[in-house]
Amino acid sequence: MRTVLIVILLLVAAGGGGAWYIWNGMQPVEPAGPAVTFTIEKGMGSAEIADLLEQNGIIRNSLFFKGYLKWTKEGSSFKAGTYVASPGDTYDELIERLNAGDVVKEETITFTIPEGYTAEQIAKKLAEAWNQDAAIFLEIMDTGAGLKGIDVLGIPQDKNLRHRLEGYLFPETYELAKDSTPLEVVEALLDQFQKKLDTIPNWKQKLEARGMSLHELLTVAALVEREVVVDSERPLVAGVIYNRLKKEQKLEIDATVQYLLDKQKERLLFKDLEVDSPYNTYKNVGLPPGPISNPGLASIQAALEPEASEYYFYVTKKDGTQGHLFAKTYKEHLANIEKSKQESK
């Protein structure tokens, strides 16, 4: 009898000690030191997450946390990401944070690429935003080395191109992680171009119907972008460009010459029009080797679906509207030039 009593007392003592051990192990870690940052990778299970929390000193014992998760039926909705937790946080606080995906907000940089910007202008914009040398960004735009999307889009590698990615860097407002590499930044612009292009219904079929490559389409779109301010005129100007191309008439677009200059001029001189370059549409018939800017969606759509007309010429109005006067013949064009001059007086 005495022996049985001793055994019972020992079991009670052991049970009490075990209960105390479990209870103690489930208590929050004593608050000490700064908060801890930890990252839950995609695909990690609740058991791995519990081990990670113990390794980072956020909980005392991962085994007890696993048991608590099982008991409360939690852990299946934990979200991947980088979190901050402090020693002293309770199990419930940790669970709530992981379920909500209350991750650390990344430091980001916001920047805007205006429609019609050239690769060089974009490189400078990115250099300012990331405090880098513009040449680093421009080299990526020239070579395309390391970019995943470049082959998908079939961007040609032509020695006559000033910048290989010209035309494919979509003008948009972006918010990217501050620690993004130059390669990742350029890739983001390229990815956005692909996404925006895919918003145009049946663009591949329409392009095929026109008998054009994507590169040729963007070359026309870039010309429209640099020539037109009034949105409603974009399809009409695109139509004029196609009319001249079909007739094998030189495009004679000032913007192609401006593209070759180190600094934009308010007014081109006759000697500027004599520059020897495949981009100079005053000297060469047909399209330049590639885009002269990075067009927005409206210009791309205009190039894809131009407005049919009998116009072959246009001149900018001088009345402040930034619209154009269109003409079918060169004689009408000369008359429009005089009319435009009169409007400026």
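- Between Pro288 and Thr219 the shortest side-chain heavy-atom distance falls below 4.5 Å.
- Using a 4.5 Å cut-off on side-chain heavy atoms (C-beta onward), Leu161 and His215 make contact.
- Side chains of Asp92 and Thr90: a donor-acceptor N/O pair is absent below 3.5 angstrom, by distance only.
- Gln258 meets the side chain to side chain donor-acceptor pair (under 3.5 Å) test with no other residue; sequence neighbours excluded.
- The side-chain heavy atoms of Glu332 and Tyr311, taken from C-beta on, include no pair separated by under 4.5 Å.
- Contact check on Glu274 versus Lys271 returns no salt bridge, with no Lys/Arg side-chain nitrogen under 4.0 Å from an Asp/Glu carboxylate oxygen.
- A side chain to side chain donor-acceptor pair (under 3.5 Å) check over residues 41-53, counting only residues at least two apart or in different chains, returns the pairs Asp51-Ser62, Asp51-Lys66.
- Residues forming a side chain to side chain contact (heavy atoms under 4.5 Å, CB included) with Ala85 (at least two apart in sequence, or on another chain): Phe38, Ile58, Asp89, Leu94, Arg97.
- Side-chain contact between Asp179 and Glu107: absent, with no pair of heavy atoms (C-beta onward) separated by less than 4.5 Å.
- Phe326 has its side chain out of reach of Tyr312: every pair of non-hydrogen atoms, C-beta onward, lies at least 4.5 Å apart.
- Residues Leu273 and Leu268 form a side-chain contact, since some pair of their non-hydrogen atoms from C-beta on lies under 4.5 Å apart.
- The distance from the CG atom of Asp272 to the CZ atom of Arg267 is 11.0 Å, given to the nearest 0.5 Å.
- With sequence neighbours left out, the side chain to side chain contact (heavy atoms under 4.5 Å, CB included) criterion links Glu307 to Pro235, Leu236.
- Between the side chains of Glu233 and Tyr314, no donor-acceptor pair is found at a separation under 3.5 Å.
- Put simply, the residue from Leu165, Asp198, Leu169, Leu218 that forms a side chain to side chain contact (heavy atoms under 4.5 Å, CB included) with Phe193 is Leu218.
- A cation-pi arrangement is not found for Lys250 relative to Tyr282, the charged atom failing to lie both closer than 6.0 Å to the ring centre and inside a 45° cone about the ring normal.
- Each side chain to side chain donor-acceptor pair (under 3.5 Å) pair with one or both residues in residues 73-88, not counting sequence neighbours, appears once here: Thr39-Thr82, Glu74-Asn99.
- The cationic atom of Arg244 (NZ for Lys, CZ for Arg) lies less than 6.0 Å from the six-membered ring centre of Phe313 and within 45° of the ring axis.
- Evaluation of the salt bridge (Lys or Arg N to Asp or Glu O under 4.0 Å) test over residues 200-214, restricted to residues two or more places apart or in two chains, returns Lys206-Glu305.
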For residues 118-126, run the donor-acceptor check on the side chains, cut-off 3.5 Å, and write out each pair with its distance to 0.1 Å, sequence neighbours left out.
from, atom 1, to, atom 2, distance (Å)
Thr118, OG1, Gln121, N, 3.2
Thr118, OG1, Gln121, OE1, 3.4
Glu120, OE2, His163, NE2, 3.1
Gln121, OE1, Thr118, N, 2.9

Without placing hydrogens or testing angles, list every side-chain donor-acceptor pair under 3.5 Å for residues 185-192, not counting sequence neighbours.
from, atom 1, to, atom 2, distance (Å)
Glu187, OE1, Lys148, N, 2.8
Glu187, OE2, Gly149, N, 3.2
Gln192, NE2, Glu172, OE2, 3.1

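- Residue pairs meeting the ring pair (Phe, Tyr, Trp, His ring centres under 6.0 Å) criterion with at least one member in residues 142-162, sequence neighbours excluded, do not occur.
- Side-chain contact annotation: Ser293 with Arg226, donor-acceptor N/O pair under 3.5 Å absent.
- Listed by chain and residue number, Leu297 satisfy the side chain to side chain contact (heavy atoms under 4.5 Å, CB included) test with Thr199 (two or more places apart in sequence, or in another chain).
- Applying the side chain to side chain contact (heavy atoms under 4.5 Å, CB included) rule to Glu115 yields the partners Pro171, Glu225; only residues at least two apart in sequence or on another chain are considered.
- Atom CD of Glu96 sits in a sparse spot, with 12 or fewer heavy atoms from other residues, nucleotides or ligands closer than 6.0 Å.
- Within the structure, ring pair (Phe, Tyr, Trp, His ring centres under 6.0 Å) pairs that include any residue of residues 247-269 comprise Tyr259-Tyr279 (at least two apart or interchain).
- Side-chain contact check for Met141 versus Leu138: some heavy-atom pair is nearer than 4.5 Å.
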